[in-house]
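A short write-up of the structure that comes next.
Heads up: numbering here begins at 1 and tracks the sequence. These values consider heavy atoms only, across backbone and side chains, with no hydrogens, waters or symmetry-generated copies.
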Amino acid sequence: MTCAGIDNARARSIMGVMSEKMNETDDVEQQTPCDADDCCCKDKEQTTQEYADAVDESNPAEAEAATDDLTKWRELAMRTAAEYDNYRKRCVKEREEFTRYANRGLLEELLPVIDNFEMGMMMAEKDTSSMIYIGMSMVQKQLQDFLTSQGVEAIPTEVGQAFDHNIHEAIQSEPSDQPEGTILRILRKGYNLKGRLLRPANVIVAAAAEDKA
């Protein structure tokens with residue numbers, strides 16, 4: 001058998017397999033069996049077989065064209081498979097991201113409550129032996145344990161630290177003998193959620209020194 005004949009035989013074999021797979025898919029998708037005379041599966045099988053039979057093995061041009069078609073469809077199948085794999089990986093990543101940060105909105109609404117509670121704790125610290133302070137301390141520990149279990153961590157921020165726009169939010173600036181951008185006061189704590197910024201820390205920073213005449 002010539003090379004052209006081998007290529008044609010290979011093309012007909014692959015087309016036959018493709019036809020069988022198409023027929024199997026149609027059988028699964030159909031809810032009711034189709035009539036023997038009007039079955040669309042027969043039309044697809046007949047079209048594929050007609051294309052295979054139409055290739056003249058003795059004609060090098062037709063054999064080359066059939067081989068080119070086979071190569072084209074093989075490359076298309078490979079590209080489609082690669083695109084589907086990328087889509088599947090993207091869906092898995094998006095699902096993991098959604099699960100990881102699904103409770104972000106709830107935690108953001110909880111933070112102002114914690115801010116107010118901590119302000120109350122500052123007032124209660126005037127009498128650490130009181131039952132109010134002891135009870136609030138227990139509640140505060142429960143809140144901290146809950147935040148930790150959810151992956152929430154306070155952003156370390158101290159007076160004298162340099163301002164970082166990635167984790168800090170400057171509410172205002174004030175004249176100071178400190179270098180420009182130095183944190184002078186902390187108005188509100190900042191928090192991270194599993195390595196991602198949940199809320200920036202609100203701070204007051206040092207302004208640039210004014211030039212004296």
- Message: Would F146 and L107 count as a side chain to side chain contact (heavy atoms under 4.5 Å, CB included) here? Give the steps.
- Response: CA-CA 10 Å; F146 171 75; L107 294 172; 4.0 Å; yes
- Task: Look at the side chain of R188 and the backbone N and O of P112, then say whether any donor-acceptor pair between them is shorter than 3.5 Å.
- Result: no
- Query: Can you tell me if T157 uses its side chain to pair, donor with acceptor, with the backbone of I155 under 3.5 Å?
  - Reply: yes
Given side chains that start at C-beta, do those of [X] and [Y] come closer than 4.5 Å, heavy atoms only?
| X | Y | value |
| --- | --- | --- |
| R79 | L76 | yes |
| Q140 | E118 | yes |
| I114 | L110 | yes |
| H168 | Q161 | yes |
| M121 | F117 | yes |
| E108 | L198 | yes |
| Q142 | D145 | no |
| N192 | L197 | yes |

Quick one: closest heavy-atom pair of [X] and [Y], and the distance?
| X | Y | answer |
| --- | --- | --- |
| S176 | A206 | CB-CB, 3.8 Å |
| I183 | A162 | CD1-O, 4.2 Å |
| L184 | V159 | O-CG1, 3.3 Å |

- What's the verdict on side chain to side chain contact (heavy atoms under 4.5 Å, CB included) for R196 and R100, showing C-alpha distance, side-chain angles and the deciding distance? CA-CA 11 Å; R196 180 180 295 181; R100 186 176 179 85; over 6 Å; no
Just how far is it from atom [atom1] of [X] to atom [atom2] of [Y], taken to the nearest 0.5 Å?
| X | Y | atom1 | atom2 | result |
| --- | --- | --- | --- | --- |
| N103 | K194 | CG | NZ | 6.0 Å |
| M136 | E125 | CE | CD | 9.5 Å |
| E97 | R95 | CD | CZ | 12.0 Å |
| D164 | E169 | CG | CD | 13.0 Å |
| K126 | T128 | NZ | OG1 | 13.5 Å |

Answer with yes or no whether the hydrophobic clustering places [X] together with [Y]; edges join I, L, V, M, F, W, Y residues whose side-chain heavy atoms lie under 4.5 Å apart.
| X | Y | answer |
| --- | --- | --- |
| V113 | L193 | yes |
| L147 | Y101 | yes |
| V139 | Y133 | yes |

- Item | Working for side chain to side chain contact (heavy atoms under 4.5 Å, CB included), residues E83 and N86 | CA-CA 5 Å; E83 291 175 358; N86 292 335; 5.5 Å; no
- Query: Is it true that K72 and D68 have a side-chain N and a carboxylate O under 4.0 angstrom from each other?
  - Reply: no
- Query: Should we count CD1 of I132 as having more than 12 external heavy atoms under 6.0 Å?
  - Reply: no
